[in-house]
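Note sheet for the following structure.
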Amino acid sequence: MNAFQLLNGLTFAALLFIVASGFTLIFGLLRIVNLAHGALYLFGGYVGYTVAVKTGSFTLGAIAAMIAVALIGLALNQGLLRFVRGNDLRQVLLTLGVAFVLNDMALVIWGGDSFTVPIPDALKGGLTFFGIFYPKYRLFVLLVGVLVLIALYLLLFRTRLGALIRAGVDDAEMVEASGINIRRVFLATFVLGSALAGLGGMMGGAFLSLYPSADSEILVFSLAVVIIGGRGSLLGVAIGSLLVGLLNTVGQVMFPELAYFVIFGPMALLLAFRPLGLFGKAT
């Protein structure tokens, strides 16, 4: 793999981390099997694209994508998921149904065409370093991925809210008994995870494009990241994103006809020896 392809793998890994970190907050920490996460990614991308085109501002598009998807996540959690809390099978069926509804809504509103989020002028073109000419926007995605990692680390391990989230995962009843409304804490976590899916849709829509099947593709990658890294582990989702991003690039460049096998073959082998993933812990 040359340096250019390595950077492609790293930037794709950064995008995967933005999306999969939201997924691991919901699935790994809250134990909610949210198969609508890919649809939230795509819907957020569409909303961000529309706002960015109308206003000419990429930043406003990203904010709109995060707010719109956060509101959908709020409605999903409070309006539907609270009725099936604790039942994994019902959660799977419910969120899968929500994904179908969101996809159909997107199809009605935006049609079946492919859209690309407009890149700000400051991020157009490329930079040359070490003899490599590389797009500025992809480097920007890499930077955002690193910043999201740092922000989530500080939130989960350096704030009271993070301590409450981790304590609530271990023993929700004890936290509730101490006078903390743990359901409100979990709701905020779910909304944050959803907002990250919206941000990922906006970021990915600028170089992967937005099209009707993009949600299922990103969901499969996110599942692979969380399963490899171990659910509920921030370090795990970071390492999992790196592995999946690099393996995806290797597969597309060297073994295009076996691109998915290059990712999911090692994943199956890993799970045979570490069923909880690299950093997963038994609950």
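For reference, positions follow the sequence shown, starting with 1. Because the structure is a prediction, the values reported are computed rather than measured.
Under the side chain to side chain contact (heavy atoms under 4.5 Å, CB included) criterion, Val220 pairs with Phe264, not counting sequence neighbours. Take Leu147 and apply the side chain to side chain contact (heavy atoms under 4.5 Å, CB included) test, not counting sequence neighbours, and it matches Leu143. Every side chain to side chain donor-acceptor pair (under 3.5 Å) that Asp215 has, sequence neighbours left out, goes to Asn103. In terms of the side chain to side chain contact (heavy atoms under 4.5 Å, CB included) criterion, residue partners of Asn248 (sequence neighbours excluded) are, by chain and number, Phe12, Phe221, Gln252, Ile263.
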Residue pair Tyr153, Leu235: steps toward the side-chain contact (heavy atoms from CB on, under 4.5 Å) verdict = CA-CA 9 Å; Tyr153 172 79; Leu235 176 60; over 6 Å; no
Carefully, step by step, assess Leu192 and Leu152 under the rule side-chain contact (heavy atoms from CB on, under 4.5 Å).
-> CA-CA 10 Å; Leu192 173 61; Leu152 286 177; 4.3 Å; yes
Do Arg183 and Arg85 pass the side-chain contact (heavy atoms from CB on, under 4.5 Å) test, and can you show the C-alpha distance, the side-chain angles, and the key distance before you say yes or no?
-> CA-CA 11 Å; Arg183 292 193 182 277; Arg85 191 170 282 118; 3.0 Å; yes
Go through the steps for Ile109 and Thr50 under the test side-chain contact (heavy atoms from CB on, under 4.5 Å), then give the verdict.
-> CA-CA 11 Å; Ile109 298 172; Thr50 302; over 6 Å; no
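If you chain together hydrophobic residues whose side chains sit under 4.5 Å apart, Val191 and Phe43 never meet in one group. Leu199 and Ile63 are not part of a single hydrophobic cluster, where members link through side-chain heavy atoms under 4.5 Å apart. Ile239 and Phe157 fall within the same hydrophobic cluster, defined by Ile, Leu, Val, Met, Phe, Trp and Tyr side-chain heavy atoms under 4.5 Å apart, directly or through other members. In this structure, Val244 is a member of the same hydrophobic cluster as Val250, with clusters built from ILVMFWY side-chain heavy atoms closer than 4.5 Å. A single hydrophobic cluster is seen to contain both Val146 and Tyr137, as judged by linkage of ILVMFWY side chains at heavy-atom distances under 4.5 Å, directly or through other members.
Thr55 places a side-chain N or O within 3.5 Å of a backbone atom of Val51 that can act as its donor or acceptor partner. Between the side chain of His37 and the backbone N or O of Val19, at least one donor-acceptor pair lies under 3.5 Å. Distance alone, capped at 3.5 Å, is enough to place a donor-acceptor pair between the Thr95 side chain and the Leu35 backbone.
The minimum heavy-atom distance between Val144 and Met203, with the atom names listed, is CG2-CE, 3.7 Å. Heavy atoms only, all atoms of each residue included: Leu196 and Ser21 are closest at CD1-OG, 3.6 Å. Contact record, Gly111 with Tyr46: O-OH, 4.5 Å, taken as the closest heavy-atom pair. What you find for Ile218 and Gly38 is that their closest heavy atoms are CG2-CA, 3.9 Å. Among all heavy-atom pairs drawn from Gly112 and Pro212, the shortest one is O-CD, 3.7 Å. Taking every heavy atom of both residues into account, Gly73 and Ser194 meet most closely at CA-OG, 3.6 Å.
Taking OH of Tyr211 as the reference point, atom CG of Asp113 lies at 14.5 Å (rounded to 0.5 Å). Taken from CG in Asn34 to CG in Leu96, the straight-line distance is 10.5 Å, to the nearest 0.5 Å. Interatomic distance, CH2 of Trp110 versus CE of Met105, reported as 7.5 Å (0.5 Å rounding). For the atom pair CG of Leu7 and CZ of Arg138, the computed distance is 9.5 Å after rounding to the nearest 0.5 Å. Here the CG atom belonging to Leu208 is positioned 10.5 Å from the OG atom belonging to Ser114, to the nearest 0.5 angstrom. Here Leu107 contributes atom CG and Leu102 contributes atom CG; the two are 12.5 Å apart, rounded to the nearest 0.5 Å.
Between Ile32 and Phe27 there is no side-chain heavy-atom pair separated by less than 4.5 Å. Under the 4.5 Å side-chain criterion, counting only non-hydrogen atoms from C-beta, Ile26 is not in contact with Thr189. Put simply, the side chain of Leu161 reaches to within 4.5 Å of the side chain of Leu155, judged on heavy atoms. Annotation: side chain of Leu234 is in contact with side chain of Phe17 (closest heavy-atom distance under 4.5 Å). Taking 4.5 Å as the limit, some side-chain heavy atom of Phe58 sits within range of a side-chain heavy atom of Val117. With a 4.5 Å cut-off on side-chain heavy atoms, Leu15 and Leu142 do not count as touching. Using a 4.5 Å heavy-atom cutoff, the side chains of Leu271 and Ile227 are in contact. For the pair Thr159 and Leu154, the minimum side-chain heavy-atom distance is 4.5 Å or more.
If you check the side chains of Tyr41 and Glu217, you find no donor sitting under 3.5 Å from an acceptor.
Residue pairs meeting the side chain to side chain donor-acceptor pair (under 3.5 Å) criterion with at least one partner in residues 116-134, sequence neighbours excluded, are Asn8-Tyr134, Thr11-Tyr134, Thr116-Ser209, Asp121-Lys124.
Taking Ile, Leu, Val, Met, Phe, Trp and Tyr as members and joining any whose side-chain heavy atoms lie under 4.5 Å apart, directly or through other members, the hydrophobic cluster of Leu269 also contains Phe273.
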